[in-house]
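These notes concern the structure reproduced below.
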Protein chains: 2
Amino acid sequence: MEPIYIRIFKDIEAKILSGDWRPGDRIPREHDLVDDYGCSRMTVSKALTALVERGLVVRKRKTGSFVAAPQINRTVMDIQDIGTAATLAGYEHRHEILTRKIETLGPVEAAQLNSIAGVEILRIHCLHIVDGKPTAVERRIILLDTVPLARTESFVGAPPAKWLLSQVPWSKAKHVIRAVSADAATARILKIDRGDPCLNLIRQTWQNDRMVTYVEITHPGDRFQFAGIFHPAESALRQQP
Amino acid sequence: MEPIYIRIFKDIEAKILSGDWRPGDRIPREHDLVDDYGCSRMTVSKALTALVERGLVVRKRKTGSFVAAPQINRTVMDIQDIGTAATLAGYEHRHEILTRKIETLGPVEAAQLNSIAGVEILRIHCLHIVDGKPTAVERRIILLDTVPLARTESFVGAPPAKWLLSQVPWSKAKHVIRAVSADAATARILKIDRGDPCLNLIRQTWQNDRMVTYVEITHPGDRFQFAGIFHPAESALRQQP
DNA sequence: GACCCGCTTTTGACTATACAAATAGATATA
DNA sequence: TATATCTATTTGTATAGTCAAAAGCGGGTC
């Protein structure tokens, strides 16, 4: 028999991850959940505390509890929203959409992504420019099945990573980081020499086992690095500021 | 006024991070903590739950709660114990200590590491060989002040990363990941060509604001990558298996 | 309008207690 | 001796409340 607080946790998590409750939505008050589940407030509170810890919920006295804005707040992901990182470091950042087209996923790529051939995808190539210098090429595939709104999104206002994050909470992410030599096309776009070392990041994201996006980001080795400071303690205890 | 459960959390955390209570040591029973702090068992339990979440404590019915074996279980770190990663992937792994000497930290390096010149350090160069191929050069500095036992450790049995982990729990870590070209020395050791792309990882670790170690690991780009799958949910709820 | 005051809602911390589940160690049995 | 059974200990979940702190809201005063 599953503990009640875990049932509550999973129920709410499911509502959020499925997109049923969207970022900013208010979630039921503790008292209502007490009524719904027929349990004590401590039990509800335990579930909500875990959801805050998980990063899906924010709570505020008097106002209530809300679905949190999805955030890349853990693990490597911290490092990888180029725009935010650049802004934080005090640099000016802009991006250019190089190509943007709707296709169907071919069999080879489907196998590679562990997805199914024939589904509709949006393929985007995007260049990131930080401090006036080309700093990353982003080659991305978005599954239109999972994110239908992407079909009409131009990505001019916010780059794909940022836009996606505001649309879809992720439940699983896979990363690969490697060093590669620049191929001809990449070298031309980034204005570096062929063969120069590049930092290559691949990220694939799922929402409840439905693939959301696959992206490969290539940085010139001399113009970018991933950096992060980790205090493992911080996450466990979160006193209000 | 700080909540009691946070006081308990911090007290125990401090005992563990200072090395006062060592991995495997039993920590006071909940009932004893109740007496010590003059609070209810629920409050103690909340603190202990947070410590489990933080990864510092394991609890077991009937037997009690214990200081957890330090583990690299979060963030990028998952990926970076070469030996473990190699073994998991089914490869044979061994390492060779190339050089090992005790020095004092020079002013330039001290500034670079944000440490103080003149302190005694152990400098180690180490080669990692996976599946018969040289896969990483590790250049490491260990502060003998913080880790006195390192003075007499040969690192033949366990490579420095693993040995350190068993000795010192970390409270803060800083990472940098970049792509670089192999310099002459690195190329020779790794048996690659000068200029080949390499994945370069720098990690600096502290225990309570005392620096523990600084390490730079260089991988041939074609022979190594960091990969990881993240389920942000897992950490928040930890049901007993 | 600008400011202060108090009311009300909602979460935050905590208590004292109860019973359940796991299990190490002792005891009894074949 | 080996195995099954019991028991005591310790954590795990849950209850049903209390009091406190934050903060939105409205009213009154100047």
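Quantities reported herein were computed from a predicted structural model and do not represent experimental measurements.
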Review point. To the nearest angstrom, how far is B/Ile27 atom CD1 from D/dT10 atom C1'?
Key: 13 Å
**Study point:** All salt bridge (Lys or Arg N to Asp or Glu O under 4.0 Å) counterparts of B/Asp32, not counting sequence neighbours
**Key:** B/Arg29
Practice item. Measure from CZ on B/Arg26 to C1' on D/dT11 and round the result to the nearest Å. Key: 11 Å
**Study point:** From CA spacing to verdict: salt bridge (Lys or Arg N to Asp or Glu O under 4.0 Å), B/Arg140, B/Glu216
**Key:** CA-CA 6 Å; B/Arg140 183 182 291 270; B/Glu216 184 179 338; over 6 Å; no
Point to revise | 4.5 Å side-chain heavy-atom contact, B/Val215 and B/Arg139 | key: no
Check your understanding: Can you check whether A/Tyr5 has a side-chain N or O nearer than 4.0 Å to OP1 or OP2 of D/dT13?
Key -> yes
Practice item. Return the 5'-most residue of the pair A/Met42, A/Lys62 with respect to DNA chain C, ranking by each residue's nearest nucleotide. Key: A/Lys62
Review point. What integer distance in Å separates A/Ile4:CD1 from C/dA21:C1'?
Key: 16 Å
Practice item. Considering just the side-chain nitrogens and oxygens of B/Arg59, establish if one lies under 4.0 Å of OP1 or OP2 belonging to C/dA22. Key: no
Practice item. Mark yes or no for whether B/Thr43, through its side chain, and B/Cys39, through its backbone, hold a donor-acceptor pair below 3.5 Å. Key: no
**Study point:** Given B/Glu138, B/Arg94, B/Glu96, the one that forms side-chain hydrogen bond (donor to acceptor under 3.5 Å, both in side chains) with B/His128
**Key:** B/Glu138
Review point. In terms of heavy-atom contacts, does CG of B/Asn114 have more than 12 from other residues, nucleotides or ligands at under 6.0 Å?
Key: no
Exercise for review: Check DNA chain D against residues 29-41 of chain A and give the residues with a non-hydrogen atom under 4.0 Å, in numerical order.
Suggested key: A/Gly38, A/Cys39, A/Ser40
Point to revise | B/Lys60 side chain near C/dA24 phosphate (N/O to OP1/OP2, under 4.0 Å) | key: yes
**Study point:** Distance below 4.0 Å between B/Ser65 side-chain N/O and D/dT11 OP1 or OP2
**Key:** yes
Practice item. Look at A/Lys46 and D/dT13 and indicate whether a side-chain polar atom (N or O) is within less than 4.0 Å of OP1 or OP2. Key: yes
Review point. Side chain of A/Thr63: nearest nucleotide among D/dG24, C/dG12, C/dA13?
Key: D/dG24
Check your understanding: If you measure only the distance, is there a donor-acceptor pair under 3.5 Å linking the side chains of B/Ser65 and B/Arg26?
Key -> no
Check your understanding: Within the structure shown, what part of the strands sits under 4.0 Å from A/Leu48 by heavy-atom distance: base, sugar-phosphate, or nothing?
Key -> nothing
Review point. Which part of the nucleic acid, if any, lies within contact of A/Ser45, taking any heavy atom under 4.0 Å across all strands shown: a base, the sugar-phosphate backbone alone, or nothing?
Key: nothing
Practice item. Using atom CG of B/Leu51 as one end and atom P of D/dT11 as the other, report the distance to the nearest whole Å. Key: 13 Å
Exercise for review: Figure out the CZ/P separation between B/Arg61 and C/dA24, and round it to whole Å.
Suggested key: 13 Å
